[in-house]
Amino acid sequence: MAETATRPADAAARAHAGSRRRARLEDLGRLVRQPKGLIGLVLVGFYAVLAAIGPYVVPLDPYAQNFAATLQPPSASHWFGTDQLGRDVLSRVLTGARASLGIGIGGVAVAFVVGVPLGLMAAWQRGWFDMLVMRGVDIMLSFPDIVFALAIVAILGASTQNVILAVGIVAIPVFVRTSRAVAMSVIAEPFVEGNVALGSAPLRVLALHVLPNMAGILVTLASLLFASTLLAAAGLGFLGLGVQPPQPEWGTMLGESRSYIRSHPYLATFPGLFLAVSALGFNLLGEALRTIYDPTATRLPRRFRRRGRTPSAARTAQEAAWAVPPAEAVVSARDLEVSYLTESGHVAAVRGVDLDLVAGRTLAVVGESGSGKSTLLRAIATLLPAGQAAVTGGRLVIAGSDVAGLSAAAIRELRRRAIGVVFQDAASALNPVMTVGDQIVEAITTGRSLSRREAQRAAVSLLRDVQISDPERRLNTYPHQFSGGMKQRIVIAIALAQAPRILLADEPTSALDVTIQQQILTLLRDIQRQRGMAMLLVTHDLGLVARFADDVGVMYAGRIVETGPVERVFGDPRHPYTRALRLSTPRLRKGTADRMLPAIAGEPPLIGALPDGCAFAPRCALGAGRPQCRSTVPELRPLDGRAVACHVAELAR
Amino acid sequence: MFVVRRLAAAVPALLVVSVLVFWFVDMIPGDPAVILAGPTATDQEIAAIRDFLGLNEPLGTRYILFLRGLFEPELATSFRTGRPVALEIAERLPTTLAIAVGGLLVGLVVGALSGVACALRQGTLTDTAITVLTLAGISMPIYWLGLLCIWLFAVNLGWLPAAGASTPAHFVLPILVVATRPAATFSRLVTANLLEVMGKDYLDTARSKGVSELRVILVHALRNSLIAAVSVAGVQFGAMLGGSVITETVFGVPGLGRLLVQAVGSSDYPIIQYCILMFAVFFIVINLATDLLTQWLDPRTRQPATR
């Protein structure tokens, strides 16, 4: 059973090997495209050649002493000068490359050969073996590494071989720890678990599946460790405890030059330079490799400048009429365009949205992921990530002021007084190292002068508003001491801190249990009604919309395709996309439970790669094939008590 | 409570380390008594030294003797000078500590400032300059840097003394040199952590409150990013103690590191043993302090989660 079962897995692994080779080539491409990687690779290559041919290209015998010409400065006959025994420094540096780099390679090899299997076995066996290995590593790490290496040299005596052992042993813990951690995560992958469950031999699984997946990170580590091992080994040489004279080695040469630093500084220059540049080369290479292989290596995305606003398309008279905001609107967006700023230019995620938030009413914006609904909310919250996304067209008026013309200070004032935001994931929306009280008080006091006691009292009353019991005691606790639902209540309290007129909720319950969802949404609705706030609720859950919103806007590919009162839009959807959404949602229609739910055919389009005409046309059953749908973008137009952006909305019955 | 638990956990580590350091003399190939007595010694002399060192005693007894040597200086004397090891170490400890603590402070301050600058000025000249400098910092052999500093500041400019430890000015170069690597490492660490934290949702929560961007970074981002950096800073400090071995040799500073190097060169085992023990104890104490600091910075590790 086990035999037959492993065969397909092996075949798959072999098929994998081909694609793996291709992947390796791609990785190499990514490496040399980085300046770090290219320079690192060139330097490492240079030193590899130097170590290989160094002893054969020396101009003079590196061991030949000449007491008539000691401590000569660099000259035509001795490019790097001569040392205290009259030996040619250039020849010694070239010859020393092999010993210096060889010790580094040897040391890393020792650490690799001992550390990686130990780490792998620890990850595989777990239990007592793992504990024993990790305790051993802990003990080794309780000595500073050069002291540990010194101790080993003290025991074994100073020689080239013992230095390799010493720097190698010192580097073992790093390999053990890393390979264990990486192996553990690879072993937990489904394809490895599957092979284990099918009864593959452990060694086979490790060799065939686990090791190849660790190769990248191990190469990275080896490169970085090579640099530090090289420096440590040369350090021992410098102390006179490494390679023994007269054999040339850069560290030892530096140690010898110490006595002459006052009178003959160039003696220290060249061995030091070669050593430092080699360490730099391996560090550069390691760094570049890490950006490819280490998933935890972080870099902030590059920031871009907005390149002005794109002129919005001229609108017809009918659309302009629709575009007049109602007097009671607290937020109104007209033809709003929000774009992500990328290397190749602007990519619009919100493409011409008209929207009004009215005091006392809740507008729900629904749509698939990628429809631009969260980007729209962030734009209204004035929280678009700086340098990565920006409003690139249209108008956005919040509480009477056009956001485009506001200073940073005025925008902060808007955030304080006018806007409250409830984020999707309360667990990450709260600062883990600040007490709940401090976070609420910060929200209450920014831009106002309140005494500490008044702020505390306000915080307590806010916590009471969001129905948290025992609020006085809770102020001094940290977010991790609360459950998910409670954290979301605290986020709501922060949003309400300065009595905003607009509440923006971005999928406020998608991270919560179903029972808690209802509580949070009921709380949001009650507070919104009591305070007469305008609320924007972004969600993908149509079931929530019917119960908690007054109006709904259906978003597709960055545009609102149908909007109006919930009962009109959902009771009698006119846009083919709204109809499809409704049909694919089981809870809204009675009697559909035992029927197959129709899925919407096709994939949602990618932003930046939209079809001409109506973005929904390729998936649309209604207007499919009509030339108008393929050529002209439908604008929102009033129809039957709502607005709809579809050329053939009348056909949807 | 946590402090007590963490202190208790350090005790076994100290014991294991002391056993290892003690046991290591037995791993030396050959007989310490023979090495100590020198090539011309008679068997009688060797036997006398063996007796004097207690090498005939059982291992357990010798370990107790080794531990007692910590508190009774006359029990452990240097092979080379005949003076109590405790005295030799005590004379040099302040020098080494001054360099290490000074180096740590310089390293932390320079590292944190440049790390923050690098993270906040991504993609600018500042970022590039700091990235290049930190890479140079971690690639620099500190013994070479030390020699270059002596040549520049002591020999050419004559601003600072080159060797010794008699005046405060003597400490400037060793501290700067020993701080180089920790500063570079810490800077990179702070940058990486700060960049990671900069993407966190709670910063948007803070922005949505209407606080200034400066406050968002100083109050919300920095503290979170320092937590991870601090634990690594501890390890760096330990590595810097190791670095003192080399720095003290470069600058001719009479400290613990130099003592150890000389002892290794002359097979002065009592000195080697107790020096290594001192370094290990330092290291464990530093890790302990780092843990406590992390604890203080991060409430999640302080209390168990309650609902």
Side-chain angles (χ1 to χ4, degrees), chain A residues 138-139 142-147 150-151 153-155 227 231 234-235 238-241 254 257-258 261-262 265 268 272 275-276 279-280 283-284 287 298-300 302-303 381 383 412-413 415-416 419-421 423 425 428-433 442-443 446-447 478 480-481 483 491 494-495 497, chain B residues 13 16-17 20 24 27-28 122-123 135-136 138-141 143-144 147-148 150-151 155 192 195-196 198-202 204-212 220 223-224 227 238-239 241-243 245-246 249-250 260-261 264-265 272 276 279-280 283-284 297-300 303 305-307:
Chain A
D138 284 347
I139 296 293
S142 48
F143 298 93
D145 48 10
I146 189 120
V147 171
L150 266 179
V153 171
I155 294 171
L231 294 180
F238 176 81
L239 297 173
L241 301 170
L254 277 175
S257 77
R258 195 189 149 240
I261 189 68
R262 287 170 176 280
L275 188 59
L280 184 68
N283 272 330
L284 282 169
E287 292 268 301
T298 46
R299 273 262 123 171
L300 216 58
R302 230 182 97 190
R303 284 174 168 229
L383 289 176
R412 282 203 296 275
E413 195 56 30
R415 291 177 185 167
R416 286 174 197 145
I419 308 166
V421 189
F423 293 92
D425 182 6
S428 55
L430 293 172
N431 186 337
V433 302
E442 183 183 44
T446 41
Y478 288 92
H480 72 275
Q481 295 168 293
S483 67
V491 173
I494 289 173
Chain B
V16 172
V17 164
L20 276 182
F24 120 102
M27 296 196 290
I28 296 167
Q122 281 289 292
L135 256 173
I138 59 165
S139 308
M140 196 70 171
Y143 28 95
W144 189 47
L147 291 177
L148 293 180
I150 291 178
W151 175 75
V155 179
L195 286 183
E196 198 195 316
M198 288 310 274
K200 296 279 186 195
D201 289 351
Y202 53 78
D204 274 338
T205 307
R207 289 188 188 104
S208 79
K209 294 172 185 175
V211 302
S212 67
H220 293 274
R223 181 158 167 204
N224 277 286
I227 293 171
L241 279 174
V245 171
I246 283 171
T249 304
V250 173
L260 177 60
V261 172
V264 170
I272 299 177
I276 291 177
F279 277 116
F283 216 59
I284 291 172
L297 281 172
D298 188 354
R300 279 166 297 185
Q303 300 132 319
T306 51
R307 288 216 146 206

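Residue numbering restarts at 1 for every chain, and letters A, B, ... go by the order of the sequence lines. Atoms considered below: every heavy atom in the structure, side chains included; atoms not considered: hydrogens, waters and symmetry mates.
Only the side chain of B:Ile150 comes within contact range of chain A, with heavy atoms under 4.5 Å apart. Neither the backbone nor the side chain of A:Ala227 has a heavy atom closer than 4.5 Å to any heavy atom of chain B. Using a 4.5 Å cut-off between heavy atoms, A:Ala234 touches chain B through backbone and side chain atoms alike. Contact annotation for B:Leu147: both backbone and side-chain heavy atoms come within less than 4.5 Å of a heavy atom of chain A. Heavy atoms of B:Ile272 lying under 4.5 Å from chain A belong exclusively to its side chain. Only the side chain of A:Glu287 comes within contact range of chain B, with heavy atoms under 4.5 Å apart. In this structure, no portion of A:Ala381 lies under 4.5 Å from any heavy atom of chain B. Residue contact with chain B, scored on non-hydrogen atoms closer than 4.5 Å, involves the backbone of A:Ile419 exclusively.
Of the residues considered (B:Val211, B:Ile246, B:Ile284), B:Val211 shows the highest number of contacts with chain A, using heavy-atom pairs under 4.5 Å. Chain A forms the most heavy-atom pairs under 4.5 Å with one residue out of B:Val250, B:Val16, B:Leu260, B:Ile276, and that residue is B:Val250. With chain B as the partner, the residue from A:Ile261, A:Asn283, A:Asn431, A:Leu284 showing the most heavy-atom pairs under 4.5 Å is A:Asn431. Across B:Asn224, B:Leu148, B:Val17, the residue that shares the most heavy-atom pairs under 4.5 angstrom with chain A is B:Asn224. Counting heavy-atom pairs under 4.5 Å between each of A:Gly420, A:Ala268, A:Ala279, A:Ala429 and chain B puts A:Ala429 at the top.
In this structure the side chain of B:Val245 reaches within 4.5 angstrom of the side chain of B:Phe279, judged on heavy atoms. Looking at B:His220 and B:Thr205, their side chains never come closer than 4.5 Å, going by heavy atoms from C-beta outward. In this structure, B:Tyr202 and A:Pro432 have side chains that are in contact, with non-hydrogen atoms separated by less than 4.5 Å.
For the ring-ring contact (aromatic ring centres under 6.0 Å, His included) test, residues two or more places apart in sequence or in another chain that qualify with A:Phe238 are B:Tyr143. In this view, B:Asp204 and A:Arg378, B:Arg207 satisfy the side chain to side chain donor-acceptor pair (under 3.5 Å) rule, not counting sequence neighbours.
The distance from the CG atom of A:Leu275 to the CE atom of B:Met140 is 9.5 Å, given to the nearest 0.5 Å. Separating the CZ atom in A:Arg415 from the OG1 atom in A:Thr446 is a distance of 11.0 Å, to the nearest 0.5 Å. Here CG of A:Leu254 is found 11.5 Å from CG of A:Leu239. Values are rounded to the nearest 0.5 Å.
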> Yes or no on side chain to side chain contact (heavy atoms under 4.5 Å, CB included) for A:Arg412 and B:Ser212, after CA distance, side-chain angles and deciding distance?
Replying inline: CA-CA 7 Å; A:Arg412 282 203 296 275; B:Ser212 67; 4.1 Å; yes
